[in-house]
Amino acid sequence: MAPDSDADPEQGEDLDLAAVEERAAAAWDEQGLHEAEPEPGTESFFATYPYSYMNAVPHIGHAYTMARTDFMVRFQRMLGKNTLFPFAYHVTGTPIVAAAERIQEGDEDQIDQLVDQGIPEDEVEDFDDPEHWIESFPKLWQRDADDLGLMIDWRRDFHTTDLNPFYDAFVRWQFRQLEDEGLVRRGEHPVVWDPVEGSVLSDHDRREGEGVSPEEYTLIKLHDPEGDRHLLAATLRPETMFGQTNVWIDPEETYVELEHEGERWVVAEPVVDAFGYQFDPIEETGQTWTGRELVGLRVEAPATDRRIPVLPGSFVSAEVGTGIVTSVPSDAPDDYRALLDLQQDPDRMEAFGLDPEEIQAIEPIAIIDTPGMGDLPAVDVVAERSIESQADRQALEEAKEEVYKRGFYEGTMKPELARVGGDPVQEAKDTVQDWLVAEGEAEVFYELADEVVSRGGAEGVVKIVDDQWFMAYGDEDWKHEVHRAFEETIDCFPEDVEQQFDHVVDWLDDWACTRATGLGTKLPWDDQWIIESLSDSTIYMAYYTIAHLLEDTDVEADDVYDNDELFSYVFLGEGEAADATKGSLTEDRIERMREEFLHWYPVDFRNSGKDLIQNHLTFMVFNHVALFDQEHWPRGLSVNGWVTIDGEKMSKSKGNFITLREALDEFGATATRLGLANAGEGLDDANFDREFASNVDRRLRRWHEQVTRPPEHTRSGELTSADRWLLARLAELTGQARQAYEDAMFRSALQSAFFDVMSAWNRYRRRALGEIHEDVWETFADRAIRLLTPIVPHLTRHAWREGGHEGHAIDQAFPEPEPPEDAQAARAAEELIQQVIDDTRDIEQATGETPDEVRVFTAPDWKHAIVETAVQLEDKGELNPGSLTGRVMQNDAIKQHGSDAADFAQSTAEKLSRGPAPSLDVDEPAVLEEARTFLEQELDCTVRVFRAGEAEDVEDGGKADRAEPGRPGIYVEASA
RNA sequence: GCGGGGGUCGCCAAGCGGUCAACGGCGCGAGGCUUAGGACCUCGUCCCAUAGGGGUUCGCAGGUUCGAAUCCUGUCCCCCGCACCA
């Protein structure tokens, strides 16, 4: 299409937005607008959006985040920067594989999901192969992103995992680098395990228990000296071990003996399997007991110097922990209530052969000080809540919650306790656990907080793997460098999130960075592991700079694979290009990559949803800091909230889930973009208002008409005060819009660039009585188009060309404010006019009369003189009623007004100390006289303007005396 | 509990020491335009008021200040995160 062939085929017709969008997209394509090439000597702006996972099409939330990135890119382009906005496809991990499996199985839910996303039913079966997802979804993303008008350079796209040998090579290089720096470490890790499949049971493979993860228990070894074995009691609160008074077992349960590394352990029978996954080797000795048989045993408990008895507790369940509970009646309501139950039941004691005297003697031991609670919180809470029995499960759960929370977060250990006396409970917990484990008095054990069932129907268990790889994000030196990056190189949008990042950096610990299953890149030095999805995507923005020079070129993958010299040279400047040359990979080509990287890097703006603060965005900074020179650390991180639809959270069940495709089909690109800009800004959840998106169309048409069609009545020559006012206002709005765009506050930008510009224009047209100055209109149209271009580029391109300009709106410079020289006076004049209108309307409203004639009396010179003096005094900080009165009374022209002058001085001094001074450089009579016709139109009556003191012959109702600078006296004459 | 962010005129939402009865949008009311409706434009939309004013407001209670929606303290409530999940 020739550049001019679209010159307004529908001029005079209704604006056909869809056609406008289509032509703009075609023209940009033709122009190669989206294809970013390094331009030496030009400042670059590299913006990215975290590539999305290719198991679904983009929805309106993705669109929000992507559009914001695009707004910024286009704005920066208009500032003259060379911009790059690339995109890629994330396919690492298990979801795609799992979903493909479900299609194979004919899973209806999964099929429906695909159909809901717009996949034709007869194509659904093709999605039984993960690679089909990887081929299909990127196309849909590309289609929708293009239709939304994102300025993406698709030549640089790619997908992750070893299905893409080039990216695979890049990630392998990255991990070898990290490994060299000692930042990838190996350790133990509890995982949820599918015992049937013999593999990790990831969230996506679960039928039940999504999101459930292992909980850490401490197994306390309660030594039975008689039998030289240990009863293993499971607890979440090892720090309370100082308060043990007894042990609870379920008398109806079977207990078995296990042997592990020479020790004999006793646990309830149902938990034996779980032990098999966490303790290796472990064997059953064949010895078993009923719980009843264990009652009365006396065991030695760690952290106490007493032998404590094993007692029957009906609340004990083998479903939780080990079926053995160590009893801390001071802090555990369950334990205390069970103790009371037993103590109050002589028959039961007798039935179990217990000595009532001994049982009665058991008392809770105070171990924790909690502000606002007694020494024995469990005792207090059981009494307060009148809990009558250990069988009252719900009341006890609530009581436990209350006591645990308060104790854990606010309590401190009693000072007399060994090792942890005086410590906060939160710290003591770890201290005691470490101590007991080190002494061999306890073991760590994991259990699932809730049931997990695999899609195959197997019940998930916890398994300890001992060869898990971690990113060492817990490393203090590394954290320190990351903090420095936030201080020195990174700007956060909005600024507040920097504190959140700091916090995340502080609490972040080592991150399990490999998985046993799913798609991904194999860990280079241990290929049974696959690098997980958050770890293979931390520095890939660098890969964008060269992706198009590797993929879909004649470069052979083999020449890149494990060619670490290549990446080290391109990204780090290490070595020489010649070192990395290999086969198809020529030195020229390598230099070209280096040039691209140096031109584009670092990332200037990375925009994502706020959910990525605590993982991806932080990881990204960690990895950049570890690998790159400081000059290539990220520069800008931008975060936005979630998108709600018409004020409600988007969800499939509510039926308000909108894909980007649906939005585009319903509203078109322009209204969708405007709706997204209007949806929100900052961290708050944004609201995509469908009504706005469909109604904004009308506003756009009107906008379009006004910026493209010259007004009917124009004039030229001298500028009037109305003209100057509009120019001043446009300058002001330009400044505001510019600042808002810079800060990624796009709703504010839209407010200034669109709504406020239009409302200023409306006022101007009335104010100018329909006689529009042709230069002013030109300026208005030019500003309106440019200011809005980052948000609705299709429409502004069209408007720009209709205005007879060459090229694209997007190629124009973003305007500078450039206020006219007399802007201040122009605005003050307009304020004066509006003041008269407002005051008159107030009077009308108060009196209920409709005026026939309004007489406006401007303040006399002597009042101006007083205000002027007041301003001078204020500037010197000497303004008060006395000083002002004294000063002005030295002036004979003022003094002759006697007490009127004194009173006015008094009130002026008071007013100025509170608010701003009225503008004194307005020739009020002239301004009002010039605006008289306008005033008459607005007030719908005759308006006459007088200088105070020059109108003795008209009735002024005493209002002429009221006149003040900036606030003329007004007399309303009404018939009726 | 910890970290972050909030509670503003029916709804959404700006403001974050004086220019604030408090921007803007939606909704609602009135007028203009129009054959009518819609769209558009204007005015109004806490209470009182026949003169541009007064009163009471910005979760609640105190406080600092000549002056507070804005600062401080306390208190109640809401949202997000506290991970190994993409």
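Order of the sequence lines sets the chain letters (A, B, ...), proteins ahead of strands, with each chain counted from 1. Excluded from the calculations below are hydrogen atoms, water molecules and symmetry mates; all remaining heavy atoms, backbone and side chain alike, are included.
Using a 4.0 Å cut-off between charged nitrogen and carboxylate oxygen, A:Glu964 and A:Lys911 count as a salt-bridge pair. A salt bridge links A:Glu938 and A:Arg766; the closest N-O separation between the charged side-chain nitrogens and carboxylate oxygens is under 4.0 Å. Taking 4.0 Å as the cut-off between side-chain N and carboxylate O, A:Glu705 and A:Arg702 do not count as a salt-bridged pair. Salt-bridge annotation for A:Asp475 and A:Lys479: absent, with no side-chain N of the basic residue lying under 4.0 Å from a carboxylate O of the acidic one.
A cation-pi arrangement is present between A:Lys863 and A:Phe904 under the rule of less than 6.0 angstrom and at most 45 degrees off the ring axis. For the pair A:Arg185 and A:Phe470, the NZ or CZ position fails the cation-pi test of under 6.0 Å to the six-membered ring centre and within 45 degrees of the ring normal.
Following rounding to the nearest Å, A:Asn762 (CG) and B:C33 (P) show an atom-to-atom distance of 18 Å. Atoms CG (A:Asn640) and P (B:C79) sit 21 Å apart, rounded to a whole Å. Rounding to whole angstrom units, CG of residue A:Asp956 and P of B:A51 are separated by 17 Å. Atoms CD (A:Gln845) and P (B:C43) sit 13 Å apart, rounded to a whole Å. Distance CZ (A:Phe493) to P (B:G4): 21 Å, rounded to an integer number of Å. Spacing between atom CH2 of A:Trp761 and atom C1' of B:C41 amounts to 15 Å, rounded to whole angstrom units. Note: CD (A:Gln113) to C1' (B:A86) measures 14 Å, nearest angstrom. Rounded to whole Å, atom C1' of B:C2 lies 15 Å from atom NZ of A:Lys429.
Residues of residues 185-193 of chain A having a heavy atom closer than 4.0 Å to RNA chain B: none are found.
Straight-line distance between the P atoms of B:A86 and B:C16: roughly 42 Å, to the nearest whole Å. A gap of 49 Å separates the P atoms of B:U75 and B:A30, to the nearest Å. Nucleotides B:U45 and B:C79 place their P atoms 35 Å apart, quoted to the nearest Å. Nucleotides B:C76 and B:G67 have their C1' atoms positioned 28 Å apart, rounded to a whole Å. For the P atom pair drawn from B:A22 and B:C82, the interatomic distance equals 43 Å after rounding to whole Å. A distance of about 8 Å separates the P atoms of B:G59 and B:C9, rounded to the whole Å. Taking atom P on both B:C28 and B:G18, the two are 35 Å apart, rounded to the nearest angstrom. Taking atom P on both nucleotides, B:U42 is separated from B:G6 by 33 Å, rounded to a whole Å.
Residue A:Ile970 is in base contact, counting any heavy-atom pair closer than 4.0 Å across all strands shown. Within the nucleic acid shown, A:Pro968 comes within 4.0 Å of at least one base atom, counting heavy atoms only. Here A:Thr840 lies out of heavy-atom contact (under 4.0 Å) with every strand. Among the heavy atoms of the strands, none lies under 4.0 Å from A:Gly957.
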| How does protein reach along nucleotides 24-30 of chain B, written 5' to 3' as B (base within reach of a heavy atom under 4.0 Å), S (only sugar-phosphate), or - (no contact)? | SSSS---

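For A:Arg763 and B:C41, the shortest distance from a side-chain N or O to OP1 or OP2 is not below 4.0 Å. An OP1 or OP2 oxygen of B:C40 is reached within less than 4.0 angstrom by a side-chain nitrogen or oxygen of A:Arg698. Contact check, A:Ser533 against B:A86: a side-chain N or O comes under 4.0 Å of OP1 or OP2.
For B:A49, there is no paired base (Watson-Crick or G-U wobble, both distances below 3.5 Å). Across all strands shown, B:A30 pairs with B:U42; the Watson-Crick or G-U wobble distances both stay below 3.5 Å. Across all strands shown, the partner of B:G3 is B:C80, judged by Watson-Crick or G-U wobble contacts whose two distances both fall under 3.5 Å. Searching all strands for a Watson-Crick or G-U wobble partner of B:G24 with both distances below 3.5 Å returns B:C12. B:U57: no Watson-Crick or G-U partner with both key distances under 3.5 Å is found in any strand.
When each of B:C40, B:G52, B:A86 is scored by its nearest atom to the side-chain atoms of A:Asp842, the top-ranked nucleotide is B:G52. Closest to the A:Lys959 side chain, of the nucleotides B:A49, B:G52, B:G5, is B:G52. Checking B:U42, B:A51, B:A86 against the side-chain heavy atoms of A:Ile843 singles out B:A51 as nearest.
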Which atom pairs link the protein and nucleotides 80-83 of chain B when you take only N or O atoms and keep those under 3.5 Å?
residue: B:G81; atom: O2'; partner: A:Gln614; partner atom: NE2; Å: 2.6
residue: B:A83; atom: N1; partner: A:Asp509; partner atom: N; Å: 3.2

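Centroid-to-centroid, the aromatic rings of A:Tyr89 and A:Trp141 stay 6.0 Å apart or farther. Aromatic ring centres of A:Trp478 and A:Phe622 lie closer together than 6.0 Å.
Classification of the A:His503-A:Trp507 ring pair by plane angle, with boundaries at 30° and 60°, yields perpendicular. Using bins of under 30°, 30° to 60° and over 60° for the plane-to-plane angle, the ring pair A:Tyr51/A:Tyr540 lands in the parallel bin.
Nearest-nucleotide assignment on RNA chain B puts the 5′-proximal partner with A:Arg967, out of A:Leu534 and A:Arg967. Each of A:Ala512 and A:Arg841 was assigned the nucleotide of RNA chain B with the nearest heavy atom; the assignment lying further toward the 5' end belongs to A:Arg841.
With hydrogens and angles left out, the side-chain atoms of A:Thr92 and A:Thr161 include no donor and acceptor closer than 3.5 Å. Side chain to side chain, A:Thr644 and A:Asp685 fail the donor-acceptor criterion of an N or O pair below 3.5 Å.
Judged by distance alone with a 3.5 Å cut-off, a donor-acceptor contact links the side chain of A:Asp839 to the base of B:G52. Side-chain atoms of A:Arg962 come within donor-acceptor range of the base of B:G52, with a qualifying N/O pair under 3.5 Å.
How far OG1 of A:Thr840 is from OH of A:Tyr971: 13.5 Å, rounded to the nearest 0.5 Å.
The 12-atom threshold is not exceeded at CD of A:Gln824, counting heavy atoms of other residues, nucleotides or ligands nearer than 6.0 Å.
Closest approach of A:Gly609 to A:Thr65, counting heavy atoms only: N-CG2, 4.1 Å.
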